[in-house]
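The structure under discussion appears below in the form of structure tokens.
In this text the structure is predicted, and so the values were computed from the model without any measurement. The basis for the numbers below is simple: all heavy atoms, side chains too, and nothing from hydrogens, waters or symmetry mates.
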Amino acid sequence: MKSSSRTLKFGHGDENIVKLVEGGREPPLILLHNGGGGVRAFFHFKKVFKTGLWAIQVTADTPLDSLPTHARYYVEKIKAQQPRGPYRLGSLSATSILVVEMARILEATGSTVAQLAFIDHCPSLLLCPEIGIQGDFEYPLDDPRACRVFITNSFHSAATFLRTDGYGTSQQRRKQTQTMLAAYYGGEPTNEFAKINAHIMERYLGAVFDFLLGLTEEREPERIMSALGTWMKSVKAVSRVQIYLASTGVVLEAPPQCREEWLDLGARMCIENPDVIYLEGGHFEILSDPRLIEGLQAGFGGGEAKL
């Protein structure tokens with residue numbers, strides 16, 4: 001794609017951190033953007049959150065070609081605003097693997113990550129049959145064409161759950177799906193926002209693919225899943241993670257023949273006794289669910305941070 005992340009602003013300024021709710025003395029919950037880089041989905045939280053809430057968005061300076069570099073960049077931005085922990089982290093959709101790497105970096109520097117939450121995603125989904133690393137690539141995983149298939153499959157998987165948001169009645173979501181795929185393939189109809197969104201998502205997914213392959217020298221999907229589980233379990237905060245899943249959200253990415261096995265998005269393959277909360281509705285619909293809103297605010301059990 002010809003678009004550059006420098007060609008368009010998301011409309012929320014040039015800073016990565018968007019402070020939505022100031023809150024009280026507690027450290028803010030810091031929510032990562034979805035795979036497309038924007039944070040508009042969180043803006044309604046301003047009306048319902050009582051605790052502090054920050055959102056992190058992609059900007060022109062965000063490094064997207066390496067997941068560890070991307071994570072370190074966000075950690076540096078957070079520490080500039082909140083030098084000491086405890087930290088509260090969450091993610092929406094495909095950035096679940098990015099937020100785990102951020103938690104790992106924070107813990108490696110001696111900081112405490114007191115809260116970790118995934119909203120309608122789990123890193124294990126990246127190895128789901130047919131859509132993730134276990135997809136029918138027709139190429140060895142080290143072949144650059146395999147990465148392209150992974151990215152394309154991910155775009156079409158996102159289109160699947162976007163179409164069903166609002167139980168398939170949302171005209172806005174259907175249009176968003178159409179413009180997203182058109183932007184990815186370089187067709188019409190689309191717009192500049194969709195182009196930059198697709199460009200960010202494409203680069204991010206490429207970095208995710210490289211990161212997964214970098215977890216082990218083995219190239220069998222089951223070995224990569226094992227390595228992913230080992231990596232995730234090395235992060236203390238993962239043992240306390242809350243996973244909020246939509247009934248008609250990303251679970252629809254799993255092929256019908258193994259969907260029942262993947263109802264938790266494979267979380268139990270990587271996390272011991274994960275706290276999975278099932279919510280009724282689509283991928284974006286559950287952001288208005290009171291159980292999610294209350295759970296994200298109540299999920300912090302640490303002390304105070306001095307900002």
Side-chain angles (χ1 to χ4, degrees), residues 26-32 34 51-54 56 67-68 70-72 74-75 78-79 82 84-128 132-133 208 211-212 214-216 222-246 249-251 261-279 286 289 291-305:
E26 79 287 338
L29 172 64
I30 303 169
L31 291 178
L32 287 192
N34 61 12
T51 63
L53 178 64
W54 297 356
I56 295 187
L67 191 130
H70 192 168
R72 283 193 296 271
Y74 282 166
V75 167
I78 290 169
K79 287 214 164 201
Q82 182 189 334
R84 286 174 286 185
Y87 295 96
R88 304 168 60 201
L89 302 177
S91 62
L92 173 62
S93 198
T95 52
S96 62
I97 192 168
L98 178 61
V99 82
V100 173
E101 176 65 3
M102 289 170 60
R104 188 197 67 78
I105 292 170
L106 285 166
E107 289 181 356
T109 62
S111 296
T112 297
V113 178
Q115 181 180 358
L116 184 64
F118 304 154
I119 301 175
D120 208 29
H121 204 272
C122 185
S124 49
L125 185 65
L126 297 164
L127 285 105
C128 182
I133 293 295
V208 167
F211 181 79
L212 288 170
L215 291 173
T216 175
E222 59 273 15
R223 297 288 189 182
I224 299 174
M225 177 68 90
S226 176
L228 177 66
T230 299
W231 170 73
M232 290 181 65
K233 289 171 185 174
S234 72
V235 181
K236 294 178 182 178
V238 169
S239 66
R240 302 184 297 273
V241 68
Q242 294 173 308
I243 307 174
Y244 296 89
L245 300 184
V250 298
V251 68
E261 178 186 358
W262 284 81
L263 281 178
D264 67 351
L265 309 187
R268 287 173 178 81
M269 300 180 191
C270 292
I271 306 168
E272 187 174 351
N273 300 318
D275 183 10
V276 181
I277 301 100
Y278 295 96
L279 303 174
I286 65 168
D289 191 300
R291 290 176 61 195
L292 172 72
I293 294 167
E294 293 169 10
L296 289 176
Q297 295 180 89
F300 169 61
E304 297 178 354

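Side-chain N or O atoms of Arg88 include one that pairs as donor or acceptor with a backbone N or O of Pro27 at under 3.5 Å. Side chain of Gln115 to main chain of Gly90: no donor-acceptor pair is present (N/O by atom type, distance under 3.5 Å, no hydrogens or angles). In this structure, Arg240 contributes its side chain and Val113 its backbone to a donor-acceptor pair below 3.5 Å. The main-chain N or O of Val235 is never found under 3.5 Å from a side-chain atom of Glu107 such that the two would form a donor-acceptor pair. Side-chain N or O atoms of Gln297 include one that pairs as donor or acceptor with a backbone N or O of Ile293 at under 3.5 Å.
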* Could you check Ile271 against Cys122 for side chain to side chain contact (heavy atoms under 4.5 Å, CB included), going step by step and ending with a plain yes or no? => CA-CA 10 Å; Ile271 306 168; Cys122 185; 4.2 Å; yes
* Check step by step if side chain to side chain contact (heavy atoms under 4.5 Å, CB included) holds for Leu106 and Leu89. => CA-CA 11 Å; Leu106 285 166; Leu89 302 177; 3.9 Å; yes
* I would like to know whether Ile30 and Tyr74 meet side chain to side chain contact (heavy atoms under 4.5 Å, CB included); could you show each step before the answer? => CA-CA 11 Å; Ile30 303 169; Tyr74 282 166; over 6 Å; no
* Worked check of side chain to side chain contact (heavy atoms under 4.5 Å, CB included) between Val100 and Val238 -> CA-CA 7 Å; Val100 173; Val238 169; 4.1 Å; yes
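With a 4.5 Å cut-off on side-chain heavy atoms, Ser239 and Glu272 do not count as touching. Tyr87 has its side chain out of reach of Val75: every pair of non-hydrogen atoms, C-beta onward, lies at least 4.5 Å apart. Using a 4.5 Å cut-off on side-chain heavy atoms (C-beta onward), Ser226 and Glu222 make no contact.
A distance of 9.0 Å separates CG of Leu116 from CD1 of Ile243, quoted to the nearest 0.5 Å. Taking CE of Met225 as the start and OG of Ser124 as the end, the distance is 5.5 Å to the nearest 0.5 Å. Separating the CG atom in Leu215 from the CE atom in Met232 is a distance of 11.0 Å, to the nearest 0.5 Å. Going from atom CH2 of Trp54 over to atom CD of Gln82 covers 5.5 Å, rounded to the nearest 0.5 Å. Rounding to the nearest 0.5 angstrom, the gap separating the CD1 atom in Ile119 from the OG atom in Ser93 is 10.0 Å. Taking CG of Asp120 as the start and CG of Leu265 as the end, the distance is 6.5 Å to the nearest 0.5 Å.
Heavy atoms only, all atoms of each residue included: Pro123 and Leu228 are closest at O-CD2, 3.7 Å. Taking each heavy atom of Trp262 and Cys128 in turn, the nearest pair found is CH2-CA, 3.6 Å. Gln242 approaches Gly295 most closely through the heavy-atom pair OE1-O, 3.8 Å. Closest non-hydrogen pair, Tyr244 versus Leu296, comes out as OH-N, 3.6 Å. For the pair Leu263 and Tyr278, the tightest heavy-atom approach, listed with the atom from each and the gap, is O-CE2, 3.5 Å. The shortest non-hydrogen separation linking Lys79 to Ser111 is NZ-OG, 3.3 Å.
Heavy-atom neighbours of Lys236 NZ from other residues, nucleotides or ligands within 6.0 Å: at or below the threshold of 12.
Just one of Leu31, Val208, Leu32 meets the side-chain contact (heavy atoms from CB on, under 4.5 Å) condition when paired with Thr95; it is Leu32.
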